[in-house]
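In what follows, a structure is listed as C-alpha cells, so that the remarks can point back to it.
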Amino acid sequence: MEKVLTIAGSDSTGGAGIEADLKTFQEYGTFGFASLASIVTMDPTTGWQHEVTAIAADLVEKQLISALAGEAMDAVKTGMLGNEQNIKVAARVIKERGIKQVVIDPVIACKGTAHILQPESVEAIIADLLPLAEVATPNLVEAGILSGLGDLRTVEEMKTAAAKIHHLGAKNVVVKGGHRLQGSQAIDVLYDGSTFTVLEGPRIDTDFNHGAGCTFSAAVTAGLAKGWTVLDSVRVAKSFVAAAIEQGVSINPYVGHVWHGAYNEAERRMHHE
Ligand code: PXL
C-alpha cells in the first residue's frame with residue numbers, strides 16, 4: 001500500500017489541516033502518516049479568530065524520524081508549519097531523505113485571519129520549500145504574495161504568477177482561482193514549466209469551503225503516491241474537492257466544512273449485520 005505523510009497543522013474542528021489530510025489519504029486508499037507542526041485554534045467568542053501555535057522544532061523532527069523509520073514514503077505534503085524553524089526542519093529532512101514526490105501547500109494566510117505566518121516565513125517558504133516541490137498549490141492570495149504580483153484578478157495574471165513560482169523552483173505549480181476569482185467557473189491554472197493547462201469546473205455557490213485547500217493538496221499528494229501523473233493527480237483532486245464542497249457539512253455556526261468523504265460516499269461505507 002502507498003504511504004503518504006503530511007507535515008502540517010491541526011484543525012481540531014476536523015475540516016482543514018492534518019485532519020483533512022488524513023481523511024483524504026484514507027479516501028484514496030493510501031496509508032496516512034502525520035507529523036504535527038502547529039496547532040490552529042479558533043475562538044468562538046471573538047468571531048472565530050484563528051491563532052497558530054507552533055510545535056517545537058525538535059519535536060517536529062522527532063516525529064519525522066518516527067514516521068520515516070520504515071520503507072520509503074511514496075509522497076509527502078507540507079501545510080501550516082507554524083514558523084520559520086519548522087519550515088527549515090521539514091525542508092532539511094525531506095532533502096536528507098531524498099523524497100521526490102513532494103507537494104508544498106504554501107499556507108500563508110487562511111480565511112480566518114489576515115496574517116497567520118510572519119513575513120520571514122514567506123521568505124523561508126520561498127527559499128527552503130518551493131525548490132523541493134514536485135507540485136506547489138498556492139491559492140490566489142498566496143500566488144500573489146509568492147510571485148510578488150499582488151492581487152491576481154484574471155486567468156492571464158494567474159498564468160504569470162504560476163510561471164514566476166515555477167521559476168522559484170517548484171516543478172509544477174497549480175494556482176487555484178477558487179471562490180476568490182470572479183466568474184461562473186472555478187478555475188485552476190497548472191504550469192509544468194512548458195505548458196499551461198487551464199482546469200475549469202462548475203463554481204459551487206456555497207460557504208462550505210473550510211478545508212478545501214488542504215484537502216486539494218492532500219488529494220494531489222495521494223494521487224502522486226499512487227503513481228498517477230501530475231495532470232491526472234490535479235484533475236482528480238479537483239473533482240474530489242468539488243464533491244467535498246458540494247456536500248459540505250454544517251459543523252458550527254462560524255464556517256462551513258467540506259466533507260472529505262463525499263467523492264466516495266464514505267458515510268455509506270460501514271455496515272453491520
Ligand atoms: O486553510 C489553511 C489552514 C491550514 N492548516 C490548518 C488550518 C487552516 C485554516 O484554518 O486550520 C491547520
Side-chain angles (χ1 to χ4, degrees), residues 6-26 32 34-60 62-63 77-90 104-125 129 137-146 151 176 178-181 204-219 241 244-262:
T6 173
I7 315 169
S10 169
D11 165 20
S12 61
T13 76
I18 229 150
E19 289 80 358
D21 297 342
L22 289 175
K23 292 176 192 186
T24 301
F25 296 163
Q26 186 85 3
S35 296
L36 195 63
S38 70
I39 298 176
V40 181
T41 48
M42 297 91 167
D43 187 349
T45 68
T46 60
W48 210 238
Q49 231 174 21
H50 291 41
E51 187 181 342
V52 180
T53 305
I55 302 289
D58 63 333
L59 191 48
V60 175
K62 282 186 189 172
Q63 293 174 77
K77 74 155 268 191
T78 65
M80 174 84 79
L81 296 175
N83 64 22
E84 196 186 355
Q85 273 172 303
N86 287 348
I87 290 171
K88 292 199 178 296
V89 165
I104 302 296
D105 190 13
V107 180
I108 292 170
C110 56
K111 291 174 280 290
T113 179
H115 51 278
I116 265 196
L117 292 184
Q118 314 303 316
E120 63 270 24
S121 294
V122 174
E123 282 165 29
I125 288 173
L129 291 179
T137 60
N139 62 31
L140 211 56
V141 171
E142 291 157 353
I145 293 170
L146 294 172
D151 282 352
K176 302 170 293 177
H179 66 286
R180 293 184 179 93
L181 191 74
I204 304 156
D205 190 19
T206 173
D207 290 329
F208 290 93
N209 57 12
H210 175 65
C214 302
T215 302
F216 178 80
S217 59
V241 172
I245 293 171
E246 210 157 26
Q247 293 176 49
V249 281
S250 187
I251 299 293
N252 63 43
Y254 305 102
V255 281
H257 286 51
V258 302
W259 165 223
H260 319 79

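In this text, all values refer to a predicted model and were calculated from it rather than measured experimentally. When reading the values below, keep in mind they use all heavy atoms of this one structure, side chains included, and skip hydrogens, waters and symmetry mates.
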For this session: Provide the full list of salt bridge (Lys or Arg N to Asp or Glu O under 4.0 Å) pairs with a residue in residues 11-26, sequence neighbours left out, each pair given once.
Result: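 For residues 11-26, and leaving out neighbouring residues, the salt bridge (Lys or Arg N to Asp or Glu O under 4.0 Å) pairs sorted by first residue read D21-K77.
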
Problem set entry | Heavy-atom closest pair, residues G17 and C214 |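 Between these two residues, the closest heavy atoms are N-SG, 3.2 Å.
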
For this session: Decide side chain to side chain contact (heavy atoms under 4.5 Å, CB included) for E142 and I125; before the verdict, give the C-alpha distance in whole Å, the side-chain angles of both, and the deciding distance to 0.1 Å.
Result: CA-CA 11 Å; E142 291 157 353; I125 288 173; over 6 Å; no

Exercise. Tell me the side-chain hydrogen bond (donor to acceptor under 3.5 Å, both in side chains) pairs involving residues 248-258, sequence neighbours left out?
Worked result: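 Pairs touching residues 248-258 that pass the test: T13-H257.
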
Point-to-point distance, once rounded to the nearest 0.5 Å, from [atom1] of [X] to [atom2] of [Y]:
X    : Y    : atom1 : atom2 : result
I18  : L36  : CD1   : CG    : 4.5 Å
I87  : S121 : CD1   : OG    : 4.5 Å
I204 : Q247 : CD1   : CD    : 9.5 Å
L22  : T6   : CG    : OG1   : 7.0 Å
N209 : I245 : CG    : CD1   : 6.0 Å
I7   : L129 : CD1   : CG    : 9.0 Å

Exercise. Sub-3.5 Å donor-acceptor pair from the side chain of H50 to the main-chain atoms of W48, do we have one?
Worked result: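 Answer holds: yes.
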
Exercise. Donor-acceptor pair, H179 side chain versus D205 backbone, under 3.5 Å?
Worked result: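 Pair absent, no side-chain N/O of H179 close to backbone of D205.
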
Got a sec, which residues hit side-chain contact (heavy atoms from CB on, under 4.5 Å) with [X], two or more places apart in sequence or on another chain?
X   : value
S38 : V40, V52, M80
Q26 : none
E51 : T41, T53
S12 : none

Exercise. Looking at side-chain heavy atoms only, is the closest gap between Q63 and I55 below 4.5 Å?
Worked result: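 With C-beta onward as the side chain, the pair touches.
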
Exercise. Under a 4.5 Å cut-off applied to non-hydrogen side-chain atoms, are P138 and D105 in contact?
Worked result: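 No, their side chains stay 4.5 Å or more apart.
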
Exercise. Can you name the residues that form a side-chain hydrogen bond (donor to acceptor under 3.5 Å, both in side chains) with T78, not counting sequence neighbours?
Worked result: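 Here no residue qualifies.
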
Problem set entry | All side-chain hydrogen bond (donor to acceptor under 3.5 Å, both in side chains) counterparts of K62, not counting sequence neighbours |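 Result, side-chain hydrogen bond (donor to acceptor under 3.5 Å, both in side chains) vs K62: none returned.
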
For this session: Might you work through the side chain to side chain contact (heavy atoms under 4.5 Å, CB included) test for L181 and L140, ending with a clear yes or no?
Result: CA-CA 8 Å; L181 191 74; L140 211 56; 4.2 Å; yes

Problem set entry | Partner residues of D58 under the salt bridge (charged side-chain N to carboxylate O under 4.0 Å, His left out) criterion, sequence neighbours left out |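 Per chain and number, D58 pairs via salt bridge (charged side-chain N to carboxylate O under 4.0 Å, His left out) with no residue.
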
